[in-house]
Structure formats: structure tokens, C-alpha cells
Amino acid sequence: MSNAAEPRHPSTAPDWWKSAVVYQVYPRSFQDSDGDGIGDLRGILQRLDHLERLGVDVVWLSPIYRSPQADNGYDISDYHDIDPVFGTLADFDELLAAMHARGIRLVMDLVVNHTSDEHPWFVESRASRDSAKRDWYWWRPPRPGARGGDPGAEPTNWESFFSGPTWEWDEATGEYFLHLFDRKQPDLNWENPEVRTAVYEMMRWWLDRGVDGFRMDVINLISKHPGLPDGPVRDGKRYGDGSASYVNGPRLHEFLQEMHREVFDGRDGLITVGETPGVTVDDAVLFTDPARREVDMVFQFEHVGLDHGVSKFRPRPLEPGELAASLAKWQDGLRETGWNSLYLENHDQPRSVSRFGDADEHWYGSATALATMLHLMRGTPYVYQGQELGMTNAPFSVIDEYRDIESLNAYAEEVASGTAVADALYGLSLMSRDHARTPVQWDASPNAGFTSGEPWLPVNPNHDRINAADQAGDPGSVFEYYRALIALRHERPVVGHGSFERADAGHPAIFAYERVHGAERLLVVANLSSAEHAPAFDLDLAARWTTGAGEPGDVPILTNTIPDSPAPFDAPLAPWEARVYAAGA
Ligand code: ISL
């Protein structure tokens, strides 16, 4: 372990984040310090050894601001304070200093597409039609000829991300307000320059406090087409799809460039990542081209939408190779310009070993093969809390076990529209956001070491065999494998800076790619299936990596098989086997 007094990664290169790994903390579920069953800032402080040992460079903290917690903090009522459930500003300052002392940077979640309906800005906005802040949000009269509050009277036909219409009727002032998410999350009107000024001021306030950047929640939804036209109603849907009016809206790039000028200019060492649902490769190039001065990288959604069927909660099984094909497409698209985030999990997604791997038959193999595939691509990897332990989906079977607003709303809507309860529950059992939100499994004790009280969401019963205490220091653990992968990125410039070339030409379940940086080369070969397969490669690659017995190309520098067995790069792969070869360094 490194000396806490000497930061391990003091790089001040403008693109330091290319060789960095980010760890996401969802504070509610990370570590409780006061026994109320909800994780908090002092809990994070207690677990910094775990993060330092893992070797991550940056922590992205999901929202800790004051909030009614309708969407677990993504509904903010005061941007300048900490919610009492998480602690105080003094706790925050202590945590930030402790992270910096260990060489770990801290990124805040920036939620400025919307506020809570309890934010003073919105309270003032809704007070009257003449309020000075009326125009800070999107207020509209009912559809012409319709009576406000009646079904179908909404100003547009758009469906909310969280089910139902995007408009909430306000009886007192006789208008609707827009909320792309829950009714407790009214959308800010970025057309109004006062809104933008207030947001930039708040961002500078946090940077002045010492934070190292922002993860920007649904930042590509902030610019709306001011005409707010109806969207197409797709088959089987009750409401319209308004996304053409608010995904990558007309002034988005202007707003991001303005934000950059107003907030980030003249400050070094920061990291910014835009969460951008619906973004295409071409859009992503624009957002992340350094010359355009918008954001450093984006979270794109293509690979986490592949298994969505008619809706997220009616998923379909993936074909072999689909995941790799999507990820490789993004590698190609950003090969010249721009930068991507690499992620399989976050607080909105099911656990990757349950979703893309084989949690029953090949738990260790699939957790580590997926990690290998992800971490050694071009981009900045994100580890979501518990992913480094191979945490799995929760075994919830009744609706009362779920807490997430998206899951509860979708379930209510499905059942109301005639879906059988068992079918609605099946969808949640695969796709609910709560799978990512069960408490981190620290040890095998009754509440997994998360809390001395009653956890706000049940601990996964498999914490008796999947937990950090068992894994740290065990060379055959998922945790130690993640640690080795993270170290590779730090030690080998080719991981952060090399080119990407897909190399496999055989069975679709094999994903192989080559990374090249000057004389340094890396070859990753991963079997993303539960069957044995022999790889096949294009001829050029075979010529480069067939070096003869005892040469570097014959011996993997990292393999997830236990025990390690030297194997030539074209040897058949066991189910979920992954190997990494290096040359030229
Ligand atoms: O979770 C989703 C899958 O259905 C998305 O629709 C998700 O809501 C979307 O990715 C935006 O997510 C972000 O903003 C939401 C918040 O609920 C999510 O937790 C956050 O990551 C609203 O602030």
C-alpha cells in the first residue's frame, strides 16, 4: 500500500484521466456510520482503505446535496448544502481532504437538468404567474380547448422517463410544468440566462471548495426545442416520444461551451463527464473533441440498451457477440478524436455479472472476463461500488422489496394496463435499478458490515460468500483481479494512450483486440461465453504475435484462469477465460 502522505498519481498532464480509473460511490448504499440504515459521508471515510488498496484515482460521488430523496438525491432542494441523512459540510470537507491526502480525486454529481420541486427556485416559480422566477422552469397552459388536469390536456403528449406524462398540472396558477423525470423533478429552463448564471456560480462554489470535477446528470437534455412539439406515439404506447425535442437540443453545444468558459477555464487537473442518453458516436465526437472545449468524456448508452425489448422492463437475451460489437463500434468511432467512458454498471443498471455474465455457473470467470474486456479498451474505466467484488442482482420476488421510483412507477403502470403481476415482476427481477443499490457487501456478518441498524434496502443474502473481507488479499478473488487490471493501466502507457484494433475473426463469443502505442503492444483475448471456443485471428495479427516458444507473445501477463497457465495466444479458451499478452515494452 502506498504512503498516505504521498499521492500516488500526481500527474498534472491535461489528459491525466486517460490513465485513470474512476470508482462510483452511491452513498446511500456504501457504508452507514450512524446506524440509521442509510450510508453516509463518515461511512465513506471509514472505507477509504478499500479504495486506496483497489488503486482507483477518482471517486465520483452520487448526489449528497440536500434533497427530499424522491429519486435518492437526484432531486436537489439546496445545491450548497449536504443532506442531513449523509452528514454535514464539515464532514464533506473532511472526506475531501482525506481523499486528497491519499491521492484520490473527488468528482461531484451535477444535477442541473432539473431541481426538486422543493427547491426555493421552484417554490418561487410556482407561487404565481408573475413570479420573477416563473420563467426559470417550463410552464405551459393546457392544450387549446382542453380543461387543465383532464387526461390528454397536457401541453405535449410526451412520456416521462419514469412513466406517465411529462407534465404536472398546477391548479393554483392554472398551468402545467414540465418534468422529464418524476413530478418532483421539474426541468429548469436553460433558455433563461439567469438560470445558467446561477448554475455556473454554484459549480464554481464547489470547485473553490476543492472538488476535482463533475459528472453531469443527463446533461444532453438541458436544451429543449422551444416549440415543444408533440412526439410520435409508438406501437403499444399510450404517450408520445418527445426525445427529438430534448435529446441533444438546438442550443446544447452552445450551453456546454459557455459552461466551459464560465466555470472551467483557467482551472487545471479537473475531469468532466457528461451523462448523455441517446447520444450517437458522431455526437460523442463533438462533445469530447478537446478543441471544442465541452466535456472530457461522455457516458453513452448503446451497450446498456442492447437488451431492452419493447421497453426496458421487457428485456431480450443478447446474441453472442452483440455486446462486443457495440463496444468495438464506439472504439472505432472515437479512434481519431474524442474520448469515451468505459462502464458496464452504475446505480441505474443491473449488475453486470448477472446481466452480461453467468452468475450461476461461471461467477468468477465472467466477472473477471468482462472486467478484462472493459478495462483494457481505449477510454476511462468506471468501477461501480461492489462491481470489484462481483456483486450480483438481488433476489427480490415481491414488489414490496423494491424502493426505486422508476421500478415502482413502471410496475404500477404495467399492472394498471393489464400486464400480469408475475410478468411485471419478472421484468423488475432482471432490470430494476435496485439491483445496483443493495448495500455493499463488506463482510459475512448479518448486515454485511454495512450498518448496525436496519438497511434501507435489504442486503443480498449471498454476502456470506461474496464480500470484501474474504476477497482482499486473496489472489484468486475478483477484487484482486480488478486491482491488477487497474495497476496495468497505471503502469503501461499503451492502456491509456494506445490505439485500438479489433483482432478476432472467428467465433462471435471471442472478443480480441490489440492496443499499440509506439513499440508497446497489448493483445487481449476474452471468451465471453459459457462454452469453450478456439479463437481465430486475422493473418496480420497471427504474424505479429506468433513469436515461438518462450517469446513474450506466448505468455500472458495477466489471465483470469486459476491457477495461471502459460498459453499461446491462439490456444482454445475455457468458458469466460480471458488472457492479456504484452510485447515491445
Ligand atoms: O435509469 C434509466 C434507465 O431507464 C434512465 O432512464 C435514467 O433515468 C437516465 O439514464 C438518467 O439517469 C440519471 O438521471 C435521473 C436519475 O434518476 C438517475 O439516477 C441518473 O443517473 C434523473 O436525475
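We count ligands from 1, going down the list as the structure has it; atoms in each ligand are counted the same way. Excluded from the calculations below are hydrogen atoms, water molecules and symmetry mates; all remaining heavy atoms, backbone and side chain alike, are included. Not measured: the values here are computed from a predicted model.
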Asker: Which bit of R215 gets closer than 4.0 Å to ligand 1, counting heavy atoms only: side chain, backbone, both or neither?
Answerer: side chain

Asker: How are the rings of Y137 and F122 set relative to one another: parallel (under 30°), tilted (30 to 60°) or perpendicular (over 60°)?
Answerer: perpendicular

Asker: Between H347 and Y74, how do the two ring planes meet: parallel, tilted or perpendicular, split at 30° and 60°?
Answerer: parallel

Asker: So which heavy atom in the protein is nearest atom 4 (O) of ligand 1, and how far is it from that ligand atom?
Answerer: E406 OE2, 2.5 Å

Asker: Out of N113, D348, I405, who gets a non-hydrogen atom closest to atom 18 (C) of ligand 1?
Answerer: D348

Asker: Considering the heavy atoms of F161, write down every atom of ligand 1 situated less than 4.0 Å from one of them.
Answerer: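 With F161 as reference, the close atoms of ligand 1 come out as 6 (O).
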
Asker: How about Y402 and F396: are their ring centroids closer than 6.0 Å?
Answerer: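 Y402 vs F396: aromatic centres under 6.0 Å.
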
Asker: Regarding S243 and D241, do their side chains bring together a donor and an acceptor under 3.5 Å, going by distance alone?
Answerer: yes

Asker: Just by distance, with hydrogens left out, do T115 and W121 show a side-chain donor and acceptor under 3.5 Å apart?
Answerer: no

Asker: Quick one: list whatever passes salt bridge (Lys or Arg N to Asp or Glu O under 4.0 Å) with D117, sequence neighbours left out.
Answerer: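 By the salt bridge (Lys or Arg N to Asp or Glu O under 4.0 Å) rule, D117 matches K184.
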
Asker: Would you please indicate if the ring centroids of Y411 and F313 are separated by under 6.0 Å?
Answerer: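 Judged by ring-centre distance (under 6.0 Å), Y411 and F313 do not meet the cut-off.
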
Asker: Just jot down the ligand 1 atoms closer than 4.0 angstrom to any heavy atom of F301, in number order.
Answerer: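 Counting from 1, the qualifying ligand atoms are 10 (O).
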
Asker: Only heavy atoms of H114, strictly under 4.0 Å: list the atoms of ligand 1 that pass.
Answerer: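 It comes down to these atoms of ligand 1: 22 (C), 23 (O).
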
Asker: Nearest protein heavy atom to atom 16 (C) of ligand 1, by residue and atom, and its distance?
Answerer: D71 OD2, 3.2 Å

Asker: Would you indicate which of F299, F313, F181 comes nearest to atom 8 (O) of ligand 1 when only heavy atoms are counted?
Answerer: F181

Asker: Atoms of ligand 1 less than 4.0 Å from H347 heavy atoms?
Answerer: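 Ligand 1 atoms under the 4.0 Å threshold to H347: 18 (C), 19 (O), 20 (C), 21 (O).
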
Asker: Before you tell me yes or no, could you show the steps for W16 and V58 under side-chain contact (heavy atoms from CB on, under 4.5 Å), namely the whole-Å CA-CA distance, both residues' side-chain angles and the distance that decides it to 0.1 Å?
Answerer: CA-CA 11 Å; W16 60 270; V58 181; 3.6 Å; yes

Asker: Could you tell me which atoms of ligand 1, counted from 1 in the order shown, lie closer than 4.0 angstrom to a heavy atom of K312?
Answerer: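 Close to K312: 1 (O), 2 (C), 3 (C), 4 (O).
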
Asker: What is the closest protein heavy atom to atom 12 (O) of ligand 1, and at what distance does it sit?
Answerer: E275 OE2, 3.1 Å

Asker: Checking a contact table here: which protein heavy atom is nearest atom 20 (C) of ligand 1, and how many Å away?
Answerer: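 That would be D217 OD1, 3.0 Å.
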
Asker: Quick check on contacts: which atoms of ligand 1 are under 4.0 angstrom from a heavy atom of V218?
Answerer: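 Near V218, meaning under 4.0 Å from one of its heavy atoms, ligand 1 has 11 (C), 14 (O).
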
Asker: For R433, which part has a heavy atom under 4.0 Å from ligand 1: side chain, backbone, both, or neither?
Answerer: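 Within the 4.0 Å criterion, R433 contacts ligand 1 through side-chain atoms alone.
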
Asker: Taking the side chain as every heavy atom from C-beta outward, state whether L61 and R215 have any atom pair closer than 4.5 Å.
Answerer: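 Heavy-atom side-chain distance check fails, nothing below 4.5 Å.
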
